[in-house]
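Single-structure report; data block below.
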Amino acid sequence: MRGKKAPVRKIEPDYKYNSVDISKFINYVMYDGEKSVARILVYKALDKLAEFTGEGQVISFEKAINSVRPNIEVRSRRVGGATYQVPTPVRENRSKSLAYRWIINSARDKRNNTRHETWETLAQELHDAYKGEGSAMKKRDEMHRMADANKAFAHLAW
């Protein structure tokens with residue numbers, strides 16, 4: 001590794017729910033620096049999610065994200081001439097960012113195939129994650145399956 005480690009920036013909580021996680025999610029949804037548009041999309045999606053679940057916006061959002069977060073992933077490790085897929089635990093901030101990315105990407109993919117608004121597809125994807133279904137959950141399950149298939153190489157973890 002060269003150079004210095006990048007400093008971790010402190011993210012301000014969003015103004016409506018006072019949550020750092022929702023603020024970070026808004027930053028992930030943001031496209032071309034249009035934060036106000038992303039904020040509107042996320043708030044509409046959270047309102048719809050709360051309507052689906054019957055719980056508060058923040059609680060249902062956190063449950064949806066926590067259900068998608070991966071616990072373990074595989075990383076490539078070169079030993080001798082061979083490259084092994086070594087299962088390693090995922091740090092908390094990485095697992096959250098993976099969950100955000102998977103949910104947003106699957107909502108965008110659905111958006112391209114349907115005539116719904118972006119916030120509707122985002123709300124639907126969050127609801128699917130809340131229930132333990134959907135594309136983002138498939139990604140997480142696939143990652144866990146890969147780690148389980150390669151657990152013979154766990155002793156190579158560093």
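Just so you know, residue 1 is the first one in the sequence shown, and it goes up from there.
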Applying the 4.5 Å side-chain criterion to the ILVMFWY set and letting contacts propagate, would [X] and [Y] be lumped into a single cluster?
X	Y	answer
M143	I104	yes
W119	M30	no
Y100	V8	no

Indicate yes or no: at least one non-hydrogen side-chain atom of [X] is less than 4.5 angstrom from one of [Y].
X	Y	result
L126	I103	yes
Y28	S97	yes
I22	V58	yes

Please round to the nearest 0.5 Å and tell me the distance separating atom [atom1] of [X] and atom [atom2] of [Y].
X	Y	atom1	atom2	result
M137	Y130	CE	OH	13.5 Å
S95	N66	OG	CG	8.5 Å
R78	T83	CZ	OG1	4.5 Å

Checklist entry - Which is it for R69 and L98 under the side-chain contact (heavy atoms from CB on, under 4.5 Å) test, yes or no, and what are the steps along the way? => result CA-CA 7 Å; R69 285 176 51 187; L98 284 172; over 6 Å; no
Set of salt bridge (Lys or Arg N to Asp or Glu O under 4.0 Å) partners for [X], sequence neighbours left out:
X	result
K131	E133
D141	none
R108	none
D128	K110

Item to check | Qualifying residues under ring-ring contact (aromatic ring centres under 6.0 Å, His included), relative to Y31, sequence neighbours excluded | outcome: none
Checklist entry - For Y84, which residues count as a ring-ring contact (aromatic ring centres under 6.0 Å, His included) partner, sequence neighbours excluded? => result F153
Checklist entry - Considering residues at least two apart in sequence or located in another chain, which fulfil the side chain to side chain contact (heavy atoms under 4.5 Å, CB included) criterion with A107? => result T121, L122, E125
Item to check | Residue pairs fulfilling ring-ring contact (aromatic ring centres under 6.0 Å, His included) with at least one residue in residues 44-72, sequence neighbours excluded | outcome: F25-F61, F52-H127
Item to check | Heavy-atom donor-acceptor pair, R140 side chain to S67 backbone, under 3.5 Å | outcome: yes
Next on the checklist: Please check: side-chain N/O of S23 versus main-chain N/O of E12, any donor-acceptor pairing under 3.5 Å?
Outcome noted: yes
Identify each donor-acceptor pair in which a side-chain atom of residues 33-46 lies under 3.5 Å from a protein atom, sequence neighbours left out, and give them as a table.
unit_1: K35; atom_1: NZ; unit_2: N27; atom_2: OD1; d: 3.0
unit_1: Y43; atom_1: OH; unit_2: D14; atom_2: OD2; d: 2.8

Looking at every heavy atom in both [X] and [Y], which two are closest together, and how far apart are they?
X	Y	result
A129	A64	CB-O, 3.7 Å
A99	I65	CB-O, 4.0 Å
P70	V90	O-CB, 3.9 Å

Next on the checklist: If you apply the rule side-chain contact (heavy atoms from CB on, under 4.5 Å), what do you find for V79 with R77, and how did you get there?
Outcome noted: CA-CA 6 Å; V79 178; R77 167 89 191 227; 3.9 Å; yes
Checklist outcome for this item: Joining Ile, Leu, Val, Met, Phe, Trp and Tyr whenever any side-chain heavy atoms lie under 4.5 Å apart, the cluster holding M146 also takes in V74
Checklist entry - Can you list every salt bridge (Lys or Arg N to Asp or Glu O under 4.0 Å) pair that touches residues 88-101, not counting sequence neighbours? => result D21-K96, E73-R94, E92-K96
Next on the checklist: Give me each pair satisfying salt bridge (Lys or Arg N to Asp or Glu O under 4.0 Å) with a member in residues 51-65, each pair once, sequence neighbours excluded.
Outcome noted: K48-E51, E55-K63
